[in-house]
K.L.:
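My structure is below; once you've seen it, I'll send some questions.
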Amino acid sequence: MTTEENTSNTAGVKPVGAWAGLCSAELLADVVTDRVFVIDERFKIQCANKDFLSAFGNVPLESVRGHTLGEVLDCRHAVGRGACGCSADCEGCGWFQAVGQSVREGLGEQECRILTRHGDALDFAVRVLPAQAGGGCVCGLKDLFEAKRLRVLERSFFHDVTNLAAGVRGLCELVEDPESGQGEELRPLIHDGVSKLADEIERLRTLRVAENGDLRPWFSAVEPGAVLRAVAARFQEDASARHLEVVVSDVAAPAVFETDRELLTLVFGELARNAIEASTRGERVTLMCMAEGGQIAFSVHNPKVLDARTRAYIFERSFTTKGPGKGVGAYRAKLIAERYLKGTMGFISHVQEGTTFFLKLPLAVVKSST
Amino acid sequence: MASRETRVVLVDDEIHIRYLIRSIIRAEGYVVVGEANNGEDAIELYRKHLPDLILMDINLPLKTGDVVLSEILKEFPAAKVVMLTMVADIDTVKRCLEMGAIDYILKNNPVDEIRRMLRELVASIMSTDEEVAS
Amino acid sequence: MSERFDLRQMREEIKLDEKIFRAKPVLLIQKEINEMREKLGKAKTKGRLAT
């Protein structure tokens with residue numbers, strides 16, 4: 001369609017103007033699913049997109065306008081007026097460096113970790129473009145927490161899975177080799193190995209699907225005792241390697257209840273893992289289940305007491321990926337429990353009594369089919 | 001003169017791997033004098049048995065294999081430690097070999113390969129020991 | 001210092017965390033490991049293993 005044809009069809013409205021409206025920066029920024037904002041030459045935020053504002057609880061633009069990113073994120077170095085760039089620590093800040101880089105090179109791209117005054121660390125990838133006029137910058141901020149955590153988790157997952165696969169493959173080679181003198185007796189071991197492999201892969205798949213919010217829980221009749229035993233069996237080798245005892249206590253709950261078995265096992269397994277990794281040689285980890293007041297509580301006890309910092313952060317988005325840890329993380333487990341199982345997670349930790357992590361779910365008893 | 005049996009300690013936290021390697025070792029006529037599934041027990045077993053060879057994973061509970069390697073060699077500089085692991089990153093491999101591991105074998109090698117490598121290792125060790133003895 | 005966190009400890013953990021996260025491991029195959037071993041002078045020949 002040419003300009004002349006358009007003019008004749010839409011009297012008084014120029015196509016350039018119509019496109020200009022659709023191409024406005026504001027419209028584009030609000031569609032972007034990452035945080036976008038504009039700062040002036042003093043690092044003060046002048047405008048921001050919907051995603052940016054919703055990250056702070058859907059606050060109005062006025063509440064962030066005129067503040068620096070550091071102030072808005074409660075960076076511990078953003079003290080006093082002037083904020084970003086005023087502390088000696090700012091020189092090492094990825095965000096600050098990205099702005100400088102954008103001025104020098106036309107584009108600034110850095111990763112940035114902001115330590116808040118409350119002891120959180122927020123991980124971002126920042127991208128900065130100098131504004132065409134006015135001396136400010138257009139900035140993009142991408143939350144890296146999930147990506148980082150998932151990367152470490154998957155590294156650990158691939159290690160475990162390839163380790164197991166190597167073992168199973170080797171056992172199959174022994175079966176194939178007539179000189180090895182081994183055959184039928186390897187069958188249960190191979191089966192066990194392959195089952196473990198399938199379980200691990202399924203677990204990661206469930207986790208990824210849950211992360212995306214795509215998971216559709218499948219509620220069915222589940223035996224609480226069977227869940228406790230399955231989790232105990234899953235960690236038996238690891239516990240034995242650590243010289244720990246894992247005990248399944250008597251179940252004081254209905255024989256069956258309704259929930260998503262896979263998610264329950266994943267989430268409760270995370271609590272068991274934490275307890276096992278926190279315990280020391282000779283200690284006992286106890287798995288329990290009890291129904292009370294319309295709820296069913298799955299809990300794990302170990303004799304250790306949580307230190308103050310763990311108590312404060314265990315269910316929060318941890319600022320570290322906790323080294324090459326294998327677990328999905330208590331934070332993620334809690335999210336899954338709340339979002340999909342409609343449950344709550346918590347812990348009690350006392351010097352004399354040790355620590356009990358619990359997962360409480362609504363108790364929906366399965367009606368008899370007869 | 002009949003050569004004595006080669007005595008081996010095996011350390012891995014994965015039951016399938018331990019079974020596999022144990023089978024390979026026994027098929028070669030070597031003796032598994034001890035097995036451990038964590039790093040702390042590995043050191044204890046070494047002290048107790050002083051084996052000809054210790055085959056050790058890296059990712060172990062309680063204490064990782066690279067730390068165990070360092071501690072064993074500190075106490076027993078002549079120890080023959082072979083890393084048997086899935087960890088294949090260049091930094092870890094270099095570090096373990098530089099620390100004094102006599103070999104570094106990846107678990108995803110075919111069984112025949114692992115067998116061959118062990119045979120060569122044991123042949124070297126035993127002939128060296130005979131030389132030292134004479 | 002707040003009971004909730006120790007800044008120094010946090011910084012140490014973050015440093016370690018960054019090391020782990022940013023690690024881009026170069027993975028070797030057995031042949032390359034053998035070559036490295038040879039290069040580092042740990043050949044499987046007589047005498048080399050003697051202490």
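Each chain gets a letter, A, B and so on, in the order the sequences are listed, and its residues count up from 1. For clarity, every value in this text was computed on a predicted model and none was experimentally measured.
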K.L.:
Show the nearest heavy-atom pair for residues B:Leu106 and C:Ile29, with the distance to one decimal.
P.N.:
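For B:Leu106 and C:Ile29, the tightest heavy-atom pair comes out as CD1-C, 4.2 Å.
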K.L.:
Measure B:Asp91 against the heavy atoms of chain C and call it side chain, backbone, both or neither at under 4.5 Å.
P.N.:
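Nothing of B:Asp91, per the 4.5 Å heavy-atom cut-off to chain C.
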K.L.:
Report yes if the side chains of C:Met36 and B:Ile90 come closer than 4.5 Å at any heavy-atom pair, otherwise no.
P.N.:
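Contact flag for C:Met36/B:Ile90 side chains = yes.
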K.L.:
Any idea which heavy atoms bring C:Ile33 and B:Leu97 closest together, and the distance?
P.N.:
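Taking every non-hydrogen atom into account, O-CD1, 4.3 Å.
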K.L.:
Would you find a donor on one side and an acceptor on the other, under 3.5 Å apart, between the side chain of C:Gln30 and the backbone of B:Tyr104?
P.N.:
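Flag set: sc C:Gln30 to bb B:Tyr104 pair under 3.5 Å.
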K.L.:
Taking atom CD1 of B:Ile15 as the centre, report whether more than 12 heavy atoms of other residues, nucleotides or ligands fall under 6.0 Å from it.
P.N.:
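Open.
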